[in-house]
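One structure is given here, and the rest of the page talks about it.
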2 protein chains.
Amino acid sequence: MKRLRSETHSLDEIDARLLAALEQDARQPISELARLVGLSAPSVSERIRKLQESGIIRSFTVDIDTKALGYPIGAMVRVRPLPGKIHLVEKLIQEIPQFIECYKLTGEDAFFAHMLVRSVEEMDDVLESLVDHAMTYTAVIKTTPVKRRLPPL
Amino acid sequence: MKRLRSETHSLDEIDARLLAALEQDARQPISELARLVGLSAPSVSERIRKLQESGIIRSFTVDIDTKALGYPIGAMVRVRPLPGKIHLVEKLIQEIPQFIECYKLTGEDAFFAHMLVRSVEEMDDVLESLVDHAMTYTAVIKTTPVKRRLPPL
DNA sequence: GTTGAAAATAGCACGAA
DNA sequence: TTCGTGCTATTTTCAAC
């Protein structure tokens with residue numbers, strides 16, 4: 001059980017603009033960010049440090065095009081574990097690297113997992129490894145109408 | 001309709017290690033990345049440039065803790081548009097900023113959307129704006145057994 | 001928060017494998 | 001082609017205000 005922590009950091013307009021700019025390009029120079037938000041470079045540096053310290057910025061990372069990486073097929077899998085199998089199923093999903101994201105949800109479909117595969121055969125392999133422990137409902141991703149973005153700040 | 005493009009870039013071991021390192025911290029100095037993969041800084045610079053050029057790296061971005069940002073509730077919403085309403089529903093989802101991610105899927109539940117809200121009331125507001133055009137099934141996220149990660153390289 | 005100097009870092013041209 | 005070296009330019013950090 002994780003400890004609840006009150007995040008005291010409150011965002012002002014400039015922090016919001018900084019986060020938006022960093023979301024678009026996290027490797028742009030501090031000096032450029034400073035120009036964008038109208039502050040000096042050291043101020044921006046300090047704000048970014050505080051955003052990390054307060055936990056709002058978890059990390060700087062890359063957005064990878066998984067198709068270009070060799071995974072042409074993405075799918076969303078709803079997973080309903082058989083009675084008594086929830087923990088086993090959770091562990092299996094964590095151990096199968098083709099699942100690149102998984103949420104545990106309220107309701108009967110305990111897990112919702114994002115799967116990437118190189119072929120339909122590979123998809124079958126992945127699903128087979130769950131078949132003894134859960135019901136699965138798989139839907140292939142056709143398009144992405146909304147790409148990951150920030151909520152309103 | 002987007003043009004199909006054959007991505008000719010093929011990853012070697014060093015590219016894979018670079019991507020993994022960038023995923024962990026996209027702002028670390030090139031010189032540090034060079035040390036990690038055992039090449040000189042200019043070589044690493046050039047490799048990163050090529051990974052971007054080939055589209056494998058789409059962008060450098062930040063991983064934000066949305067709870068710390070003030071959105072304590074996340075939910076997954078399956079959206080089944082009423083007949084003839086698919087395009088309207090897609091547009092609505094795109095315009096509602098509490099949806100931070102949305103996939104269009106095969107099967108009857110055309111859309112799957114990731115929602116962030118500050119309260120249960122706000123969740124109701126968001127869902128109300130779809131109620132005339134679609135059936136929705138909402139499940140609240142309890143935990144995240146697998147956080148976004150790279151597939152096997 | 002800002003400014004200005006020192007230190008660290010990145011980019012470029014060129015030569016080597 | 002791909003990588004390494006040395007040089008220059010840019011960027012970041014630190015101190016003082």
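Quick note on labels: first sequence line is chain A, next is B, and so on, each numbered from 1.
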Across nucleotides 3-17 of chain C, 5' to 3', mark each nucleotide with B, S or - according to how protein heavy atoms within less than 4.0 Å reach it. B-----SSSB-----
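The environment of CD in B:Q28 is crowded: more than 12 heavy-atom neighbours from other residues, nucleotides or ligands sit within 6.0 Å.
Figure legend: B:R78 and B:Y137 shown as a cation-pi pair, the cationic atom lying under 6.0 angstrom from the six-membered ring centre and within 45 degrees of its axis.
Minimum interatomic distance between B:I93 and B:A113 (heavy atoms only, all atoms of both residues): CG2-CB, 4.5 Å.
Between the CD atom of A:E46 and the C1' atom of D:dA15 there is a distance of 14 Å, given to the nearest Å. Following rounding to the nearest Å, B:R49 (CZ) and D:dT2 (C1') show an atom-to-atom distance of 12 Å. Atom CD1 in A:I48 sits roughly 14 Å away from atom P in D:dT11 (whole-Å rounding). Spacing between atom CD of B:E53 and atom P of D:dT1 amounts to 13 Å, rounded to whole angstrom units. B:R35 has its CZ atom 15 Å from the P atom of D:dG4, to the nearest Å.
Taking the ring centroids of B:Y103 and B:H114, they lie at or beyond the 6.0 Å cut-off.
For A:R118 and A:D125, the salt-bridge test fails: no basic side-chain N is under 4.0 Å from an acidic carboxylate O.
Of the possible donor and acceptor atoms, one in the side chain of A:Y71 sits under 3.5 Å from a partner among the backbone N and O of B:P152.
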